[in-house]
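On a predicted model such as this, the values are computed, not experimentally measured, just so you know. A, B, ... follow the sequence lines: proteins, then strands. Residue 1 opens every chain.
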Amino acid sequence: MTTLPDKPTIDGLEAKWRARWEADGTYRFDRTKRRDEVFSIDTPPPTVSGNLHPGHVFSYTHTDLVARYQRMRGKEVFYPMGWDDNGLNVERRVQLLTGTIVDPTLPYDPDFTRPEKVDKKARPVPISRPNFIELCEEVVPEFEAAYHDLWATLGLSVDWEHTYTTIGPKATRTSQRAFLRLVRDGLAFRAESPTLWDVDMRTAVAQAELTDKELPGAYHKLRFTGPGGEALLIDTTRPELLPACVAVVAHPDDERYQPLFGKTATTPLFKVEVPIVAHELADPEKGTGIAMICTFGDTTDVTWWRELSLPVRAIVQRDGRLRPVTWGDEGWESTDPAAAQAAYDELAGKTVKQAQARIVELLAEAGAMEGEPRPITHAVKFWENGTRPLEIVTSQQWFIKYPPKDVLLARGKELQWWPDFMRVRYENWVNGLMGDWNITRQRFFGVPFPVWYPIDEDGVVDHLSPILADEASLPVDPTTDVPPGYDESQRNQPGGFAADPDVMDTWATSSLTPQIVCGWEDDPDLFECTFPMDMRPQAHEIIRTWLFSTVVRSHYLHDTLPWRNAAISGFIVDPDRKKLSKSAGNMPDDPVTLIARHGADAVRYWSANGRPGMDMTFDEGQMKIGRRLAIKLLNASKFALGLGEPAAGAGISVPIDRSMLVRLADLVDEATRAFDGFDYARALERTEAHFWSFCDDYLELVKNRAYSEGPGAESAKAALRLALETLLKLFAPFLPYVTEEVWSWWQEGSIHRSSWPEAAPLRDAAGAGDPEVLNVAAEVLGEIRRAKSEAKRSMRTPVATVVVRDAAARLAALEQALDDVRSAGVVDELTVAEADGFAVEVTLGDEPPKG
RNA sequence: GGGCGCGUAGCUCAGCUGGUUAGAGCGCUGCCUUCACACGGCAGAGGCCAGGGGUUCGAGUCCCUUCGCGCCCACCA
């Protein structure tokens with residue numbers, strides 16, 4: 001039964017079909033399927049602390065295109081959605097939004113309620129850690145709701161019964177269990193180690209979260225005293241670390257310093273004797289070719305310190321200020337402790353920056369600095385969201401050991417990358433790995449370590465002998481739960497236990513998204529039919545974090561890749577190739593507004609034009625084209641279906657109808673091939689081009705015949721319905737709303753649960769169809785149109801005569817479509833003549849009578 | 001410093017393993033209110049394919065090189 005609207009519109013389709021799909025469970029995962037019948041997707045959980053951004057729409061649409069294609073190919077698609085509500089960003093956003101700050105020394109206040117209105121200028125209200133976590137749990141769902149609404153309106157075919165968060169109990173349990181397994185296997189361990197440290201957030205930061213910023217600095221030439229009392233000049237950009245100097249270093253091949261290796265130099269001001277050592281990382285070209293090693297100025301210092309077995313003389317505290325030191329104590333020997341103390345007292349308590357200013361004055365007064373500081377610009381390491389340079393402090397942290405590089409590189413080769421060249425980023429990262437993965441964060445809102453530490457009878461906490469939680473008890477929070485064999489009264493008591501106060505790095509949990517969504521050990525049946533997963537879609541800037549760490553965890557837990565395919569999306573840039581951002585002032589309207597303005601199908605159309613891995617320009621013009629395409633689909637469908645159903649058993653007998661179907665079969669092959677290679681953009685482009693010529697040429701050519709009666713009309717109607725069904729299906733992944741709407745006019749069920757078109761049945765229906773028939777007919781019709789257009793006449797203008805000159809084969813093709821061409825062109829007499837080239841002579845007839 | 005990607009009409013982009021006069025859409029110009037569509041339709045103008053070498057019968061397509069843009073990585077004292 002075909003029911004056509006009088007005036008079809010795309011307005012309101014989102015609300016209508018979104019509700020219907022939800023009610024019908026159109027995208028619900030059927031967990032009774034076998035693994036080989038399933039296509040499972042490791043959805044990127046959006047960071048709910050962020051603002052909705054057009055870039056989100058872009059990349060999430062790409063995933064949905066693949067999901068919809070696979071579903072129509074007959075796969076049961078496992079397409080969950082997560083919310084990343086774990087980590088520093090959420091913590092900070094909640095702090096700002098609620099005007100609070102955590103003071104871990106405060107007790108829980110059961111009467112605390114969220115302030116109604118937040119004065120951004122006022123001092124944040126200090127609250128306890130449990131109160132803050134409650135606040136987060138209250139606020140985060142508000143963020144999530146905004147995303148859920150956007151995704152559903154955009155038409156993501158997500159199964160909303162499979163959602164997860166990266167901090168909820170499920171994720172926490174998975175994360176803690178995976179952590180305990182690593183501890184058990186000796187792959188996660190606790191150690192005291194120099195750690196990159198953000199002095200404002202007062203937390204450790206991992207290598208993956210680093211970013212470089214160009215900052216002004218200055219070389220200061222310091223006068224050390226060599227072994228023979230001679231001056232030894234050393235350039236440094238960090239003179240304030242002079243008291244932390246533990247050695248000076250030059251390249252082993254540097255002839256200037258070779259005689260000094262093994263001897264000692266004496267630091268200015270503090271009069272500390274430090275060894276003169278050799279190491280290849282010292283660059284003879286840089287400064288004076290000899291550098292001071294401090295604990296710790298940068299990661300090179302850490303390398304030197306480790307490889308040369310140097311002592312620690314740390315001065316920078318976790319708050320970024322210099323700590324008090326008593327010179328003369330063990331480890332702080334000086335040939336003149338009184339002078340050292342006097343100089344250091346000038347620095348203690350100051351920030352790094354203040355200390356630098358002061359020590360430069362002291363050095364100048366002591367005549368220990370050659371010349372003036374020479375300003376330079378150099379790259380300094382920052383936490384990616386930080387405001388001050390990172391320092392390196394020594395502290396106790398949990399680390400995960402990385403697998404050997406060759407193992408990691410082999411995993412990278414095993415994985416299918418779309419596009420393939422993105423593998424290089426992974427390999428670059430693996431090759432640059434240093435040390436182990438520090439997963440400890442000194443924060444409040446995160447997955448806690450399921451660990452306590454014993455306290456001996458003297459009240460000393462043994463941080464190197466952790467008490468692990470039972471797996472069966474997970475998830476646990478060590479600050480409120482009690483370790484096995486203890487009771488609450490022993491908390492923080494001699495002979496008792498102390499909770500691990502820290503939380504895990506957000507990637508330590510996000511790296512387990514496949515395990516979380518597939519129900520690792522919690523839901524073995526689900527895991528069986530979904531893992532290893534088929535596809536990880538994600539952005540290229542988090543290859544080194546999310547992708548990499550997920551590979552590591554899956555390697556350890558399951559000795560397999562977490563997924564077969566990594567589909568990497570680009571991001572959105574403005575026409576000047578600048579990344580869109582609020583600060584750059586080039587941020588377009590938010591996605592909800594864009595969808596309201598252009599329609600979800602139109603916004604998806606724009607997104608679908610971005611090929612995997614390619615950055616794309618934000619362009620509302622493309623959305624307008626998408627909207628036009630959707631409307632055209634409605635109208636063309638209305639026309640094709642409005643002709644009525646073909647008579648039962650009607651054959652597709654007319655050559656041009658068969659010709660159209662042959663070309664359509666080729667299109668199906670091409671679109672299918674493109675989709676199999678994750679090239680949805682190509683599939684769309686080909687389908688779209690085909691559709692426009694289908695409308696402009698084929699529909700025009702067959703229109704009059706289709707309106708008539710007889711076998712010709714029946715052939716046209718049958719061909720049109722077959723073509724329409726095929727085209728709707730090819731468009732369905734891109735334009736889910738309009739295709740579903742048209743589908744509902746004449747078909748049962750959802751188009752999104754129908755089967756992807758196949759070329760073979762089309763070729764069967766086309767029989768010995770020749771694609772050239774439609775090609776030549778369209779070209780001739782084009783020439784007739786041109787003649788009318790150039791004469792500035794209406795397309796309805798009758799044509800007295802048309803003479804087509806062309807090669808014999810093409811004329812033969814044209815002969816098979818002669819009636820349709822004549823009818824569409826309103827031609828009285830059409831004759832053909834053999835010739836070498838294609839030429840059409842058109843003689844227009846009289847103007848039709850007006851009125 | 002190492003690497004990856006991009007540079008095709010005013011704009012956004014196709015052009016897959018090299019093959020006839022380089023494609024689409026938008027924008028622009030002109031025409032047409034045709035019985036699916038004015039949220040239309042038809043047609044037109046517009047390009048030394050970033051520059052320079054080379055391989056080849058033939059290069060936007062392959063090789064070398066220069067320039068510009070973007071990004072990733074790096075032990076920048």
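Within residues 605-614 of chain A, the residues that have a heavy atom under 4.0 Å from RNA chain B are, in order of number, A/Arg611.
Base-pair partner of B/rC4: B/rG70 (Watson-Crick or G-U wobble, both distances under 3.5 Å). Figure legend. B/rC76 is base-paired to no nucleotide; pairs are counted as Watson-Crick or G-U wobble with both atom distances under 3.5 Å. When both distances must be under 3.5 Å, the Watson-Crick or G-U wobble mate of B/rG40 is B/rC32. Base pairing of B/rG23: its partner is B/rC13, meeting the Watson-Crick or G-U wobble criterion (both donor-acceptor distances under 3.5 Å).
A/Lys221 comes within contact range of no nucleotide atom at all, as no heavy-atom separation falls under 4.0 Å. Within the nucleic acid shown, A/Ala689 has no heavy atom closer than 4.0 Å to any nucleic acid atom. Counting non-hydrogen atoms under 4.0 angstrom, A/Ala681 reaches nothing in the nucleic acid. Here A/Lys788 lies out of heavy-atom contact (under 4.0 Å) with every strand.
Annotation: B/rU8 and B/rC13 have their P atoms spaced 9 Å apart (nearest Å). Remark: the separation of the P atoms in B/rC67 and B/rC28 is 39 Å, to the nearest Å. For the C1' atoms, the distance linking B/rA24 with B/rA9 amounts to 11 Å, nearest Å. Annotation: B/rC6 and B/rG60 have their C1' atoms spaced 14 Å apart (nearest Å).
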Every protein N/O within reach of nucleotides 73-76 of chain B N/O, cut-off under 3.5 Å:
| from | atom 1 | to | atom 2 | distance (Å) |
| --- | --- | --- | --- | --- |
| B/rC73 | OP1 | A/Arg544 | NE | 2.9 |
| B/rC73 | OP1 | A/Arg544 | NH1 | 2.9 |
| B/rA74 | OP1 | A/Gln207 | NE2 | 3.3 |
| B/rC75 | O2' | A/Thr300 | OG1 | 3.2 |
| B/rC76 | N4 | A/Asp212 | OD2 | 2.6 |

Could I get a table of every N or O pair under 3.5 Å where one atom is in the protein and the other is in nucleotides 40-42 of chain B?
| from | atom 1 | to | atom 2 | distance (Å) |
| --- | --- | --- | --- | --- |
| B/rG41 | OP1 | A/Lys632 | NZ | 3.1 |
| B/rG41 | OP2 | A/Arg628 | NH1 | 3.1 |
| B/rC42 | OP1 | A/Asp696 | OD1 | 2.7 |
| B/rC42 | OP1 | A/Asp696 | OD2 | 3.0 |
| B/rC42 | O2 | A/Ser789 | OG | 3.4 |

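Salt-bridge formation is not detected for the pair A/Asp301/A/Arg238: no Lys NZ or Arg NE/NH1/NH2 atom is positioned less than 4.0 Å from an Asp or Glu carboxylate oxygen.
Screening residues 633-644 of chain A for salt bridge (Lys or Arg N to Asp or Glu O under 4.0 Å) gives no qualifying pairs among residues at least two apart or on separate chains. The side-chain hydrogen bond (donor to acceptor under 3.5 Å, both in side chains) contacts involving residues 421-431 of chain A comprise A/Lys413-A/Glu427, A/Asp420-A/Arg423, A/Arg425-A/His540, where partners must be two or more places apart or lie in separate chains.
Out of B/rG15, B/rG30, B/rC35, the shortest distance to the side chain of A/Lys792 is found at B/rG30. Taking only side-chain atoms of A/Val424, from C-beta outward, the nucleotide of B/rG3, B/rG70, B/rC37 with the closest atom is B/rG3.
Within 6.0 Å of CG in A/Asp836 there are 12 or fewer heavy atoms belonging to other residues, nucleotides or ligands. Around CD of A/Glu372, the count of heavy atoms belonging to other residues, nucleotides or ligands within 6.0 Å does not exceed 12.
The side-chain tip of A/Lys703 points at the ring of A/Phe639 from less than 6.0 angstrom away and within 45° of straight on.
Judged as a side-chain hydrogen bond (donor to acceptor under 3.5 Å, both in side chains), and not counting sequence neighbours, the contacts of A/Thr672 are A/Trp756.
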